Amino acid sequence: MKTKIFILPALLFVAASCADDDYPGCNSRNSATVAVEDKNYDNVSIDPPSLLDPNLPFRTFVPQFTYWLEDTGGNVVRGSEVVVSDNNATDLIPLGVLQPGSYRLTVWGNTPSGVPSAPSDAVDLHPAGAEGTDVYLQSNLLDYSSPPANPVVNLERTKGKLVVLIENLDPAVTRIEQSVTSVYATVDRNFSYAGSTTVDKSFDPAAARLATFIAPTVASTTSSLTLRFYQDADPTPVLTLSGIPQTFVRNQINLVQVDATAQEVWILINSAWEPVNDLIIVEN
């Protein structure tokens, strides 16, 4: 069962002519099934720790989502935020009585409450340059002309994943700062990406595996990865490795390996480790 259903009063409407389930020409018991299509990354075989059992519950991948149902005139007739707590493989959205016809269902998964504020709004994938969440999305035109209807909407990821493996790290290092340039800032419900941003994230060096949800690289550009290594409260990094080229793609993993002592970086390309020959190294 769902632990909470947050009704959005401004979004929840029922056409007056269909307020009664027995009203002639209206469909009752309509619903939509929400499923997760991108349970694993397309190339997850390169990074076994990222592999998830596809039979895990829906909430493992999308613990909360927001949906809107619009008629052909763009009027919102249903809308809600949902937090899922059951162990079902899919989630059911009850839509009740609808006038016969086509409707557009837009579902955003793992966005903050109230984001987006309208179904046609774009979502900021990296708010204030932060990692953000593993955002899922789908927006489909659905047919509710024959009652009862229960079409399936399959959610897809909007981001990829960067995994940096650190080895031979000086134990005196107490913090790692990662920066990635030239990734898309926003995406709308049509999977149209726009803008450009830089994403920053801090890591505890004890992790040795730095994972980040990351938007696709801006078209016709190359993203650049920079790693800075710090000791205690010193504001100046003892080592900076920059100029690491990356191209991020939706629902794919980028794997980078760093030997901090040898100051060498490799990128996994087509199942082969390639060295970064133009690596920029700064020591302090």
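The model shown is predicted, which means the values in this text are computed figures rather than measured ones.
Checked by atom type and distance alone, the side chain of Tyr67 never pairs as donor or acceptor with a backbone atom of Val82 at under 3.5 Å. Without hydrogens or angle criteria, Arg29 side chain to Pro148 main chain gives no donor-acceptor distance under 3.5 Å. The closest donor-acceptor contact from the side chain of Tyr184 to the backbone of Ala219 lies under 3.5 Å. Judged purely by atom type and a 3.5 angstrom limit, Ser117 has no side-chain atom pairing as donor or acceptor with the backbone of Gly114. A distance-only check finds no donor-acceptor pair linking the side chain of Ser223 to the backbone of Val180 [under 3.5 Å].
Residues Ile281 and Thr240 have side chains not in contact (no heavy-atom distance under 4.5 Å, counting atoms from C-beta outward). Put simply, the side chain of Val123 does not reach to within 4.5 Å of the side chain of Leu137, judged on heavy atoms. The shortest distance between side-chain heavy atoms of Phe191 and Arg250 falls below 4.5 Å. Looking at heavy atoms from C-beta onward, Trp68 lies in side-chain contact with Trp108 at the 4.5 angstrom threshold. Residues Val164 and Phe203 form no side-chain contact, since every pair of their non-hydrogen atoms from C-beta on lies 4.5 Å or further apart. For the pair Ile166 and Pro205, the minimum side-chain heavy-atom distance is 4.5 Å or more. Between Tyr193 and Leu125, the closest side-chain pair of non-hydrogen atoms falls below 4.5 Å. A 4.5 Å side-chain heavy-atom check between Asn110 and Gln64 finds at least one atom pair inside the cut-off.
Counting all heavy atoms, side chain and backbone alike, Tyr41 lies closest to Lys159 at CE2-O, 4.4 Å. Residues Leu241 and Ile244 approach most closely at O-CD1, 4.1 Å, considering heavy atoms. In terms of heavy-atom proximity, Phe61 sits nearest to Leu56 at CE1-O, 3.8 Å. Scanning both residues, Pro116 and Asp121, for their nearest heavy atoms gives CB-CB, 3.7 Å. Arg175 approaches Asp232 most closely through the heavy-atom pair NH1-O, 3.9 Å. When every heavy atom of Arg228 is checked against every heavy atom of Ser179, the shortest pair comes out as NH1-CB, 3.9 Å.
Applying the 6.0 Å contact sphere to CG of Asp278 captures no more than 12 heavy atoms from other residues, nucleotides or ligands.
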Derivation and outcome, side-chain contact (heavy atoms from CB on, under 4.5 Å), residues Tyr136 and Val107: CA-CA 8 Å; Tyr136 279 79; Val107 182; over 6 Å; no

side-chain contact (heavy atoms from CB on, under 4.5 Å) between Asp53 and Thr60, worked out: CA-CA 10 Å; Asp53 182 347; Thr60 303; over 6 Å; no

Could you please spell out the steps behind the side-chain contact (heavy atoms from CB on, under 4.5 Å) verdict for Gln246 and Ile214? CA-CA 11 Å; Gln246 295 286 284; Ile214 197 83; over 6 Å; no

Taking it one step at a time, do Arg78 and Leu105 satisfy side-chain contact (heavy atoms from CB on, under 4.5 Å)? CA-CA 9 Å; Arg78 299 286 189 278; Leu105 181 64; over 6 Å; no

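Of the N and O atoms on the side chains of Thr106 and Ser139, at least one donor lies less than 3.5 Å from an acceptor on the other residue. A donor-acceptor pair shorter than 3.5 Å can be found between the side chains of Ser182 and Thr221. A donor-acceptor contact closer than 3.5 angstrom is absent between the side chains of Ser192 and Asn190. Side chains of Glu177 and Ser202: a donor-acceptor N/O pair is present below 3.5 angstrom, by distance only. Using modelled atom types, one finds a donor on one side chain and an acceptor on the other under 3.5 Å when comparing Gln263 with Glu283.
To the nearest 0.5 Å, atoms CG (Asn40) and CZ (Arg157) are separated by 7.0 Å. A distance of 10.0 Å separates OG1 in Thr33 from CG in Asn154, rounded to the nearest 0.5 Å. Rounding to the nearest 0.5 Å places OG1 of Thr261 at 4.5 Å from CG of Asn168. Expressed to the nearest 0.5 Å, how far CZ of Phe213 lies from NZ of Lys161 amounts to 6.0 Å. Atom CG of Leu98 sits about 10.0 Å away from atom OG of Ser31, to the nearest 0.5 Å. Taken to the nearest 0.5 Å, the CZ atom of Phe58 stands 8.0 Å off from the OG1 atom of Thr90.
Put simply, Val265 and Leu255 are part of two different groups of oily side chains (I, L, V, M, F, W, Y) that touch within less than 4.5 Å, one to the next. Note: the hydrophobic cluster containing Val135 does not contain Val183 (ILVMFWY, side chain heavy atoms under 4.5 Å, direct or indirect links). Note: the hydrophobic cluster containing Leu165 does not contain Leu279 (ILVMFWY, side chain heavy atoms under 4.5 Å, direct or indirect links). Side-chain heavy atoms closer than 4.5 Å link hydrophobic residues (I, L, V, M, F, W, Y) into clusters, and following such links, even through other members, never connects Leu239 to Val282. Under a hydrophobic-cluster definition in which Ile, Leu, Val, Met, Phe, Trp and Tyr are linked whenever side-chain heavy atoms come within less than 4.5 Å, directly or via other members, Leu162 and Val187 are assigned to different clusters.
The existence of a salt bridge linking Arg59 and Asp86 is excluded, since no basic side-chain nitrogen approaches an acidic carboxylate oxygen closer than 4.0 Å.
Under the side-chain hydrogen bond (donor to acceptor under 3.5 Å, both in side chains) criterion, Ser120 pairs with no residue at all, not counting sequence neighbours.
Each of Val276, Leu225, Thr217 was evaluated against Pro245; a single residue qualifies, Val276, per the side-chain contact (heavy atoms from CB on, under 4.5 Å) test.
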